Amino acid sequence: MAGTTAQPSPRPRSWWGWGYADAHPDDAECAAMGALLPGTLPRPLPVPRVRDLRIGGPAAEQPASLAHLVTSDPAVRAAHAMGKAYRDVVRALRGRPGRIPDLVAHPAGEQDVADLLDWAGSRRIAVVPYGGGSSVTGGVEYRGDAHDAVLSLDLTRMDRVLEVDAHGRAARIQAGTPGPALEQQLRPHGLTLRHFPQSFEFSTLGGWIATRAGGHYATGRTHIDDSVQSLRVVTPAGVSASWRLPASGAGPSPDRLFIGSEGTLGVITEAWVRLVERPRHKASASLAFTGFRAALDAVRAIAQSDLRPANCRLLDAGEAALSGVRADGSAVLVLGFESADAPVDGLLDRAVALARSHGGRPGAGGGGRAGDAAVAAWRSAFLRMPYLRDGLARMGAVAETFETAATWDAVPALIDAVRSEVGAAAAKATGYPATVNCRLTHVYPDGAAPYFTVLAAGRPGDEAALWDDLKAVADEVLHRHRATITHHHAVGRDHRPGYDLQRPEPFALALRAVKSALDPRGILNPGVLVD
């Protein structure tokens, strides 16, 4: 009998930080980063170990009929206790991960999800849909003590593209499918969903839909909302299955009820999503600007044209330096175009001309248009940054981001206020100067999405509380300037106070009524969006 070849073990994920365990900076790299930031620890905090946590036995035991779906393994439970926000990372580093779920379930199909919800409802067990676990807003952890036990619901076994309609350029896909597996299964059809958030490797289709995620592309279909054609959602009140249609004027959309619902109304199990042909033509360039305000004007002009670039990222001077793009005090605009059926060089030329008319200088990265070094440097930093954040957290530093969106008339003053007020609050709290950088990640004809990076000395042993204080200052600035509490990272539990202020009260009344009707026992992701 011929021998069998052993399958390679999956690359281990970090239970406490971002991404893969073997991709994190080592102690020496952490120390080198910390040396650049005043007020950090003399040596990095040790990498936390699950065996050092106090994990008691589960407060509930699944029935025999569900035993094949559910585990109480301590390591699996610890890995499902939190998302991947800075406050999650520092809590894990300090051995304080919060409420660890009692059980973790891995359903293999829609009926499994329904059976798990039925059982949890009968036992007062909170069910927290986990997705890929990449939440940075407290969306996948349980807070409080109102339930007898907590079940983390991990759909990543439901990871298949079930059906492809190449003629209509759409596919029916299970909600637990992570980004790479989704694209791999679509590739033979020459199609792509074209949704690439920074968490692409680790997040799932259902998670993107449940959080109204934004992808990498700066214009056009920037949010997953625009790609959803229909949904299947399991709720405690039954299964919601919307019709697959190109468009409809038949009342409020059932899909829009669940898009952005963050697992509070039901569990998304499948979606038909709109696809596009894989791009064959690409072109990119970068431009440097002496002044950030002029760069903002350039981006607005491009956003209000009919060019629709795939990438239109504006980095302020601090962000350009942090990304290794340019370190001479210039702001940098990174532009990219792509198409499946026609060259895009002419579109890029027009966008560059618009930027030059506002003072942009081409070749910000020192390279030619097609292979601009600035574009490559930005892309590399974009993927590496979450790992570096975790390395700085090990040095006791604050290293976190948040994003928003506002209309063009509010954007300049909003950015100035966030920089000055959050920076001042950090300096007052730590005694050291802080850095607050900004970039525009998505642009629209009527506004933009500023994305801020905060780097500051920490308060040893109290890093999470310090970040909460700084985030409260930032949230107040956003509210004062009528900027949204989140552009694409969801509300979760961390953004709940800001969301309560942003939404109209009649809508809050309606949302509470829907929650009561679909989840009468209040087991689905308690504390998120609505009580």
Side-chain angles (χ1 to χ4, degrees), residues 16 53-62 70 72 74 76-92 94-105 116-117 119-131 133 135-154 207 210-211 235-236 260-267 462-465 467-469 471-472 475 485-486 489-501 503 508 511-531:
W16 64 273
L53 300 176
R54 295 179 180 176
I55 303 177
E61 184 176 347
Q62 73 279 6
V70 181
S72 60
V76 177
R77 291 165 59 194
H80 287 75
M82 302 178 300
K84 302 302 181 184
Y86 168 80
R87 69 186 318 274
D88 302 329
V89 170
V90 296
R91 285 186 297 158
R94 294 293 183 180
R96 301 190 293 264
R99 173 70 180 268
I100 292 175
D102 298 279
L103 301 166
V104 177
L116 287 162
L117 293 189
W119 168 67
S122 70
R123 290 290 308 276
R124 287 175 45 84
I125 295 174
V127 178
V128 181
Y130 186 74
S135 170
V136 293
T137 61
V140 297
E141 67 174 281
Y142 180 84
R143 297 178 190 171
D145 56 6
H147 294 78
D148 294 341
V150 178
L151 173 72
S152 179
L153 191 63
D154 185 325
T211 59
T235 81
S261 63
E262 301 190 38
T264 62
L265 305 179
V267 179
D462 197 30
E463 295 92 349
W467 173 247
D468 289 345
D469 292 342
K471 188 65 167 61
D475 292 351
I485 191 63
T486 178
H489 277 156
V491 174
R493 293 166 178 82
D494 295 345
H495 288 159
R496 177 67 187 276
Y499 179 64
D500 287 348
L501 292 173
R503 67 183 177 193
L511 188 58
R512 293 187 194 105
V514 171
K515 171 72 171 175
S516 179
L518 296 181
D519 182 24
R521 292 171 173 169
I523 63 169
L524 288 173
N525 220 1
V528 173
L529 293 182
V530 65
D531 294 324

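For this chain, numbers begin at 1 and follow the sequence in order. These numbers were taken from a predicted model, which means no experiment stands behind them.
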Looking at [X] and [Y], what are the two nearest heavy atoms and their distance?
X: T486; Y: H489; value: OG1-N, 3.0 Å
X: L524; Y: G266; value: CD1-N, 3.6 Å
X: A149; Y: A59; value: CB-CB, 4.2 Å
X: R87; Y: A464; value: CB-CB, 4.3 Å
X: I100; Y: L53; value: CD1-CD1, 4.4 Å
X: V127; Y: A120; value: CG2-CB, 3.4 Å

Exercise. Should V128 and R99 count as side-chain neighbours, where that means a heavy-atom distance under 4.5 Å?
Worked result: no

Quick check: does any side chain N or O of [X] sit under 3.5 Å from a backbone N or O of [Y], one acting as donor and the other as acceptor?
X: E262; Y: V528; value: no
X: R96; Y: V90; value: no
X: H147; Y: G522; value: yes
X: N525; Y: P129; value: no
X: R124; Y: R521; value: no

Hey, what do you get for [atom1] ([X]) to [atom2] ([Y]), rounding to the nearest 0.5 Å?
X: D494; Y: E141; atom1: CG; atom2: CD; result: 7.0 Å
X: K84; Y: W16; atom1: NZ; atom2: CH2; result: 9.0 Å
X: D500; Y: L529; atom1: CG; atom2: CG; result: 9.5 Å
X: L501; Y: H495; atom1: CG; atom2: NE2; result: 13.0 Å
X: Y142; Y: L151; atom1: OH; atom2: CG; result: 12.5 Å
X: L265; Y: L511; atom1: CG; atom2: CG; result: 6.0 Å

Problem set entry | R77: salt bridge (charged side-chain N to carboxylate O under 4.0 Å, His left out) partners, not counting sequence neighbours | none

Problem set entry | Partners meeting salt bridge (charged side-chain N to carboxylate O under 4.0 Å, His left out) with R123 (sequence neighbours left out) | none

For this session: List the steps and the verdict of side chain to side chain contact (heavy atoms under 4.5 Å, CB included) for R496 and D531.
Result: CA-CA 10 Å; R496 177 67 187 276; D531 294 324; 3.3 Å; yes

Exercise. Could you go step by step and tell me if V530 and R503 meet the side chain to side chain contact (heavy atoms under 4.5 Å, CB included) rule?
Worked result: CA-CA 11 Å; V530 65; R503 67 183 177 193; 4.2 Å; yes

Any salt bridge between [X] and [Y], counting N to O under 4.0 Å?
X: R94; Y: D462; value: no
X: D468; Y: K471; value: no
X: D519; Y: K515; value: yes

